[in-house]
Colleague: 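Just dropping this structure here.
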Number of protein chains: 2
Amino acid sequence: MPRSPATPPRPARSAPEKDVSARVSALSARLKARGLKHSAVRDVILDEFFRAGTHVSIEQLLERVRKREPATGYSTVYRTLRLLVESGDATERDFGGAHALFEPADSHHHDHVVCVECGAVREFEEKAIEELQEKVARRLGFRITSHRLELYGLCSSCAAAGRAGRAP
Amino acid sequence: MPRSPATPPRPARSAPEKDVSARVSALSARLKARGLKHSAVRDVILDEFFRAGTHVSIEQLLERVRKREPATGYSTVYRTLRLLVESGDATERDFGGAHALFEPADSHHHDHVVCVECGAVREFEEKAIEELQEKVARRLGFRITSHRLELYGLCSSCAAAGRAGRAP
DNA sequence: TTTTCTGCAAACCATTTGCAGTTAG
DNA sequence: CTAACTGCAAATGGTTTGCAGAAAA
């Protein structure tokens, strides 16, 4: 039962202002077309979600959102994220930790490397691996619809920290 | 949130008698050395677990065990499996379904292909993929300690059934 | 007004654990 | 007799859902 740290310390890249607001308003329009209503809280959730740019848990996102909308409840964030997943704008990931993590759904497929020490998540793409997966599937007579590839280990910082010990 | 069927219909290979009993008694001895006691119920659980030969959930295993030891409780199976995982004799898997699945820990590493229709699980080994994973890790500065690769799709039977429709 | 949104609290549910009685050694 | 084992029932803990009031359209 691998347990990943509750709060990945490394903030990672965050999306540039323009990208985020454009994305949010486009999405907002799409939601409206679905007959859904507009709301301030939801806007903040969307904004913070796409601004985070990394894999965030509901709790982490809630924390960010509450800085702007203090009364926000867990369920609202939960339901909004669910909405995004259903509309295909977010992807739910389970890296074995306690909580599920969510990330904006990019158009391009990618897999993940997860640091078991600090929880940092990096993405990668390796065409050759995908091809080999297809080959294996063919060999076994399977028609693959999706896959899941995650590498677990130590990121360079944590590996270095480990070698050096934790002395100040 | 992928939901895999509760009861994989395909029984898959089951280990030959001799292998199982040998394995069970060896394990039993090892447990005794740990200061643990011998018990009829536990023996049945071990026997059924290694006899199953495939990925089984606690519930599935419990069902088999109860045919021989009707009074057996869920927690006992749970605790025995936990014991096996800790001793390195079993591996816990999570293919996204409701329950965790367990399989005897073989010495050789392997990955899985899972049929999303019937829940069948096949194992495979692809050295080339492992090597590419190492390459990717090196590129990103990670020291990999483990990984997880699962292919999801339709097995040949389910694919065929799908093409033919469900007519009798 | 009507429909959707929200926060809160309760419900879910697989998994864990506490407990008291049973059993192996 | 002591320590481990067992079944049962209750506790956990993240995730979902029911509900009544608030807010859009």
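A note on names: the letters A, B, ... follow the listed sequences, proteins ahead of strands, and every chain is numbered from 1. Basis for what follows: all heavy atoms, side chains included, without hydrogens, waters or symmetry-related copies.
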Colleague: Lys37(B) NZ to dG21(C) P: how many Å, rounded?
Modeller: 17 Å

Colleague: Whole Å only: how far is the CG atom of Asp94(A) from the C1' atom of dT15(D)?
Modeller: 13 Å

Colleague: Working to the nearest 0.5 angstrom, can you tell me the gap between Leu149(B) CG and His110(B) NE2?
Modeller: 11.5 Å

Colleague: Count the heavy atoms belonging to other residues, nucleotides or ligands that lie under 6.0 Å from CD of Glu130(A), then report whether that count exceeds 12.
Modeller: yes

Colleague: Toward the 5' end of DNA chain D, which comes first, Gly35(B) or Val77(B), by nearest nucleotide?
Modeller: Gly35(B)

Colleague: Are Arg64(B) and Glu69(B) close enough for a salt bridge, meaning some N to O gap below 4.0 Å?
Modeller: no

Colleague: Let me know, please, whether Ser39(B) or Glu59(A) comes out on the 5' side of the other along DNA chain D by nearest nucleotide.
Modeller: Ser39(B)

Colleague: For the pair made of CZ in Arg42(B) and C1' in dA3(D), what is the distance, rounded to whole Å?
Modeller: 13 Å

Colleague: May I have the distance from Gln60(A) (atom CD) to dT15(D) (atom P), rounded to whole angstrom?
Modeller: 11 Å

Colleague: Tell me whether the side-chain N/O atoms of Tyr78(A) come closer than 4.0 Å to OP1 or OP2 in dT16(D).
Modeller: yes

Colleague: Ile58(B) CD1 to dA14(C) C1': how many Å, rounded?
Modeller: 9 Å

Colleague: Which part of the nucleic acid, if any, lies within reach of Ala71(B) when heavy atoms closer than 4.0 Å are counted: base, sugar-phosphate only, or nothing?
Modeller: sugar-phosphate

Colleague: In whole angstroms, how far is the P atom of dT23(C) from the CG atom of Leu36(B)?
Modeller: 19 Å

Colleague: Taking only the side-chain heavy atoms of His38(B) (C-beta and beyond), determine which of dA24(C), dA4(D), dT15(C) contains the nearest atom.
Modeller: dA24(C)

Colleague: Of the nucleotides dT6(D), dT6(C), dT2(D), which one has an atom closest to the side chain of Thr76(B)?
Modeller: dT6(D)

Colleague: Once you round it to whole Å, what is the distance between P of dA4(D) and CG of Leu83(B)?
Modeller: 12 Å

Colleague: Base, sugar-phosphate, or nothing: which does Arg79(A) touch, judged by heavy atoms less than 4.0 Å apart?
Modeller: base

Colleague: For His112(A) and Glu103(A), run side-chain hydrogen bond (donor to acceptor under 3.5 Å, both in side chains): C-alpha distance rounded to whole Å, both residues' side-chain angles, the deciding distance at 0.1 Å, then the answer.
Modeller: CA-CA 12 Å; His112(A) 299 86; Glu103(A) 66 172 315; 3.2 Å; yes

Colleague: Using only modelled atom types and a 3.5 angstrom limit, is any donor from either the side chain of Ser75(B) or the base of dC8(D) paired with an acceptor on the other?
Modeller: yes

Colleague: Would you say a side-chain N or O of Tyr74(B) is under 4.0 Å from OP1 or OP2 of dT15(C)?
Modeller: yes

Colleague: Has Arg68(A) got more than 12 heavy atoms of other residues, nucleotides or ligands less than 6.0 Å from its CZ?
Modeller: yes

Colleague: Let me know the distance between CG of Leu61(A) and P of dT15(D), rounded to the nearest Å.
Modeller: 13 Å

